[in-house]
Structure formats: structure tokens, C-alpha cells
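Since the structure comes first, as C-alpha cells, the remarks are kept for the end.
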2 protein chains.
Amino acid sequence: MTLTTKDKILDTAERLFAEQGYDATSLRQIIAAAAVNLAAVHYHFHSKEELLDAVILRKVTPVNEERTALLDRFEREAGDSAPPVEQVLEAFIAPTFGARERSPQFVKLMGRVHAEGIMLRLMTEHFQPLLRRFLDAFQRALPDVDREELLWRIHFMVGAMAHTLRSRPEIHQAAGVKANFGADQISRSLIDFLAAGFRVSWGATSAPAPAGPSPSKTPAVLP
Amino acid sequence: MTLTTKDKILDTAERLFAEQGYDATSLRQIIAAAAVNLAAVHYHFHSKEELLDAVILRKVTPVNEERTALLDRFEREAGDSAPPVEQVLEAFIAPTFGARERSPQFVKLMGRVHAEGIMLRLMTEHFQPLLRRFLDAFQRALPDVDREELLWRIHFMVGAMAHTLRSRPEIHQAAGVKANFGADQISRSLIDFLAAGFRVSWGATSAPAPAGPSPSKTPAVLP
DNA sequence: GTCTATACTGAGATAGAC
DNA sequence: GTCTATCTCAGTATAGAC
């Protein structure tokens with residue numbers, strides 16, 4: 001236990017942020033648990049927010065490396081052709097669920113973080129290469145889909161995944177249905193669900209609705 | 001402009017929460033802009049958190065009524081058969097996008113709120129009937145899908161929608177692609193994307209991946 | 001029943017001694 | 001690098017005026 005002050009802060013902050021959330025955790029709580037001084041936090045991390053950034057990046061970097069490595073492998077195995085959407089999705093999603101197995105609390109925080117403005121700030125700096133890498137992979141798997149549309153579908157994917165990583169039962173509880181699926185089955189359901197969405201052929205809108213006497217002439221936005 | 005103190009607080013809080021987010025907005029900022037006293041907030045709403053609840057519920061209630069009304073109409077038009085998934089999705093999603101047109105800032109807050117723990121608290125109290133209503137509609141449209149699986153798909157839908165309602169460009173910006181889609185087209189893309197996911201036949205997992213020499217024998221979770 | 005004035009506690013941040 | 005002391009501002013609680 002000869003951790004530096006900086007590491008003691010990082011470890012404790014990671015644990016408390018994950019257990020209680022970012023806002024609910026005060027710096028004073030962290031320094032008490034880590035047995036360090038309050039000013040040390042600001043010396044090493046400048047602010048509470050930058051401490052959160054550091055906590056996140058330390059954990060997210062290996063996950064992103066796993067994602068890239070997995071995609072690399074799928075591409076290698078596919079030879080000249082491109083890996084199917086399912087594999088691209090698996091490369092993106094599985095590492096997060098894997099991280100969840102290893103540290104459920106932290107990934108819960110990740111989901112929260114993904115959803116709040118925090119990721120928006122980190123995204124541009126640290127997520128860009130990964131995003132471009134996966135965008136290309138998706139585009140090769142689905143050459144017919146428009147690029148902007150594809151980005152929206154990635155957007156949907158991130159939303160669905162982030163929401164799923166957070167809290168499990170909310171909806172099941174409200175509906176009075178027991179949530180029996182394990183992480184593995186949820187991950188599978190998510191990938192299958194998203195793969196079908198990604199495969200939708202572009203241009204052929206469902207617009208007027210497949211059955212029933214065309215309900216809304218107005219754009220889909222307003223009833 | 002003979003608004004009651006309570007309404008002045010609600011209106012101002014709604015605007016500031018939407019513009020700056022919940023945490024970034026202080027009660028003192030609200031009371032200054034609304035020209036009321038600090039304690040009046042606690043008199044009428046007991047706490048900052050309950051003020052947020054009130055702000056949300058005031059706006060969300062008509063949206064949920066719109067959702068129900070739209071679903072009612074689709075069911076009426078479908079006669080003896082059940083409305084297709086696309087219509088159930090439209091009934092759920094379109095009213096939010098409609099609200100977005102009318103008050104973009106607020107729906108941005110809604111997306112944020114959906115994602116944080118806040119909705120979890122409100123959900124059980126005020127969302128339950130709506131959820132059960134839509135769960136039934138989905139189940140009738142997709143009788144072959146297992147009920148828990150269906151709830152997960154609804155979960156994915158909520159995540160994708162909430163994330164989409166929030167901030168538009170993040171991903172497009174990071175990828176260096178211009179975001180030209182209007183709200184209408186995004187709404188359509190989302191519905192088509194989700195409909196395909198909902199329609200996936202249950203039981204037929206994509207597991208071993210459709211092409212390439214079965215990459216992972218381990219559960220999809222870990223590479 | 002409504003609202004005002006004011007005080008209390010705990011938060012994040014900072015300056016400067018060591 | 002670390003710590004003490006202090007600053008400002010947050011949300012909250014209450015006593016009392018209308």
C-alpha cells in the first residue's frame with residue numbers, strides 16, 4: 001500500500017463516484033476516505049470535474065483498446081471482405097459489457113457519464129479516432145447506407161447501449177416483470193436489435209405505415 | 001403578466017434548467033430572474049429537486065396524453081387487428097419530437113433528465129400506466145417476442161430516443177460530417193431503425209456471427 | 001395561506017506557509 | 001508536494017410579517 005497521493009485519490013474517487021454518482025460525492029468525502037488533504041486534489045487535478053475526467057479516462061482507455069483490437073481481429077479474419085455488422089457491433093459493445101463484469105459499479109457510472117454532458121467534452125478529445133475507425137467499419141459492412149444516416153444509427157446505438165449499461169430494472173420494475181436476463185443475454189439481445197436497425201435499407205422509409213389507412217399526412221412529427 | 005409566484009418560479013426554472021442544465025442552475029439564479037424570494041421556492045416546492053419534478057411533470061403530462069391519444073387512434077383505425085410496430089413507435093416517439101419543435105430547450109432537458117436518475121424516480125409514479133399501455137401494444141404487434149425481451153427492446157428504444165433528443169451533433173462533429181437532417185428525418189430514421197430491431201424474431205440469435213470462421217467461442221461478453 | 005429576511009451548514013476553490 | 005486557513009457560493013431551515 002505505498003500508493004502515491006494521486007493514486008489514492010483516483011482509486012477512492014473511482015469507487016465513490018461509482019457507488020454514489022458524481023454529484024452526490026463530495027471532495028471532502030473522497031479525501032476523508034483516501035486519507036489525504038483537500039488541497040491535494042486541486043493540486044493534482046485542478047478541479048472536481050477534471051478529477052472525474054481522469055477517473056474515466058483511466059478506465060476507458062483499455063476498453064477502447066479492446067474495442068480496436070477486437071475489430072482488428074474480425075477484419076483480419078474476414079480477409080478481403082468486410083466483417084458483418086454483427087461483428088462490428090460486437091467489437092464495440094462487448095468490451096463494455098466485459099468491463100461491466102469486472103467492475104459493475106464503474107460501468108454504471110460510465111452509462112451515467114455517457115448520458116450527461118461529460119462525454120460530450122471527452123468525446124472530441126479522446127473518442128475521435130475510435131469513432132472514425134468504427135464509422136469506416138460500419139460503412140464497409142453497409143456500403144449502401146448514407147454516411148450521415150449511418151452516423152445517426154451509431155448515435156442510436158450509443159444511446160441504447162449507454163442506457164442499458166446504467167440501471168437494469170427501471171422499466172421492468174415499472175411493468176411488473178422480473179428481469180432474469182444475464183449480462184450475456186442482454187448484450188446479445190442488444191446486438192441483434194441494433195444489427196437489424198443498421199441493416200435497414202436506406203431510402204425506403206416506412207413513412208405511410210405498412211398497414212391501415214394512411215393515418216397521418218403531416219410529417220411524422222406531429223399528430 | 002399577473003402570474004402567481006408559483007408560476008413565475010416554474011416558468012423561470014424551466015427556462016434556466018433547459019438552458020444550463022439542472023446542476024448548473026442555482027436557486028438564487030432562478031429567484032433573481034423570476035424576481036421572487038428564495039424561501040418562496042421552498043414554500044411551494046420544498047426542495048430544488050421537487051421543483052425540477054414539477055417543471056418536468058408540467059411539460060411531460062401533455063406529451064404523454066398525446067402519446068396515448070395517438071395510440072388510441074391507431075388502434076381504432078386498425079379495427080380488429082393490431083397496429084404495426086411502426087405505428088406504436090410513432091405514437092411513442094412523434095409527440096416528443098413534436099414537443100421539441102415547440103420548445104427545443106425543454107426537450108433537451110428531457111433527454112438529460114431521462115438519462116440521469118431523475119426519470120427513474122418519476123417513472124414509477126407517473127410513467128407506469130403509459131408504459132403498460134405501450135408494452136401491451138408492442139406485445140400485440142409482436143406476439144412471438146418474449147415479454148422480458150420485449151421490455152429490453154423498449155429499454156433500448158428509450159435509450160436511443162433520449163440520447164437523440166439531447167444534443168444533435170456530438171458524434172457528427174467528431175466524425176467531421178455535417179448534420180443536415182431535420183427533426184422530421186431524424187424521427188423517421190429512428191422509427192425505422194427501431195422497428196427493424198423490434199421485429200427481430202426471438203430465439204434466433206445472431207450468436208456465431210453470419211460470416212467468417214466463428215470468431216469467439218466464449219460468450220459474446222469477452223474478447 | 002403567502003411571502004420576506006436572515007441565519008446555518010456544507011460544497012468547491014485558493015493563497016501561502018512549510 | 002503537501003497542508004492550514006480562509007473565501008465564496010450553494011441548498012436548506014426557520015421566525016415572523018402580511
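Quick note on labels: first sequence line is chain A, next is B, and so on, each numbered from 1.
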Checklist entry - Are the ring centres of B/His163 and A/His155 closer than 6.0 Å? => result yes

Checklist entry - Is there side-chain contact between B/Phe198 and B/Val145, with at least one heavy-atom pair below 4.5 Å? => result no

Checklist entry - Honestly, is A/Lys48 close enough over A/Tyr22, meaning NZ or CZ under 6.0 Å from the six-membered ring centre and within 45° of the axis? => result yes

Checklist entry - Below 4.0 angstrom from OP1 or OP2 of C/dT14, is there any side-chain N or O of A/His42? => result no

Item to check | Atom pair CG/CZ of A/Leu194 and A/Arg153 - distance to nearest 0.5 Å | outcome: 11.5 Å

Checklist entry - So which heavy atom on B/Ile9 is nearest to which on B/Ile30, and how close? => result O-CG2, 4.3 Å

N/O contacts under 3.5 Å, protein versus nucleotides 2-5 of chain C?
from	atom 1	to	atom 2	distance (Å)
C/dT2	OP2	B/Tyr43	OH	2.6
C/dC3	OP1	B/Thr5	OG1	2.6
C/dC3	OP2	B/His44	NE2	2.4
C/dT4	OP2	B/Asn37	N	3.2

Checklist entry - In whole angstroms, how far is the P atom of D/dA10 from the CG atom of B/Asp23? => result 13 Å

Checklist entry - How many Å lie between CD1 on A/Ile31 and P on C/dA13, as a whole number? => result 13 Å

Checklist entry - Side chains of B/Leu135 and B/Leu151: does their closest heavy-atom pair fall under 4.5 Å? => result yes

Checklist entry - Can you tell me how far P of D/dG1 sits from NE2 of A/His46, to the nearest Å? => result 12 Å

Item to check | Axis-to-axis angle between the two ends of the helix from C/dG1-D/dC18 to C/dC18-D/dG1 (five base pairs per end, rounded to 10 degrees) | outcome: 10°

Checklist entry - Should B/Leu10 and B/Phe45 count as side-chain neighbours, where that means a heavy-atom distance under 4.5 Å? => result yes

Item to check | Spacing between A/Ile30 atom CD1 and C/dG12 atom C1', to the nearest angstrom | outcome: 11 Å

Item to check | Atom pair distance, as rounded to whole Å: CD in A/Glu50 and P in C/dA13 | outcome: 9 Å

Checklist entry - Aromatic rings A/His172 and B/Trp152: how do their planes relate, parallel, tilted or perpendicular, breaks at 30° and 60°? => result tilted

Checklist outcome for this item: Between CG of B/Leu51 and C1' of D/dA10 the distance, given in whole Å, is 15 Å

Checklist entry - Do A/Arg28 and C/dG10 have a side chain to base donor-acceptor pair shorter than 3.5 Å? => result no

Checklist entry - Should the pair B/Phe92 and B/Phe134 be assigned to parallel (<30°), tilted (30 to 60°) or perpendicular (>60°) ring geometry? => result perpendicular

Next on the checklist: Distance check needed: D/dG11 C1' versus B/Leu16 CG, whole Å only.
Outcome noted: 16 Å

Checklist entry - Atom CZ of A/Phe45 and atom P of C/dA13: how far apart are they, to the nearest Å? => result 13 Å

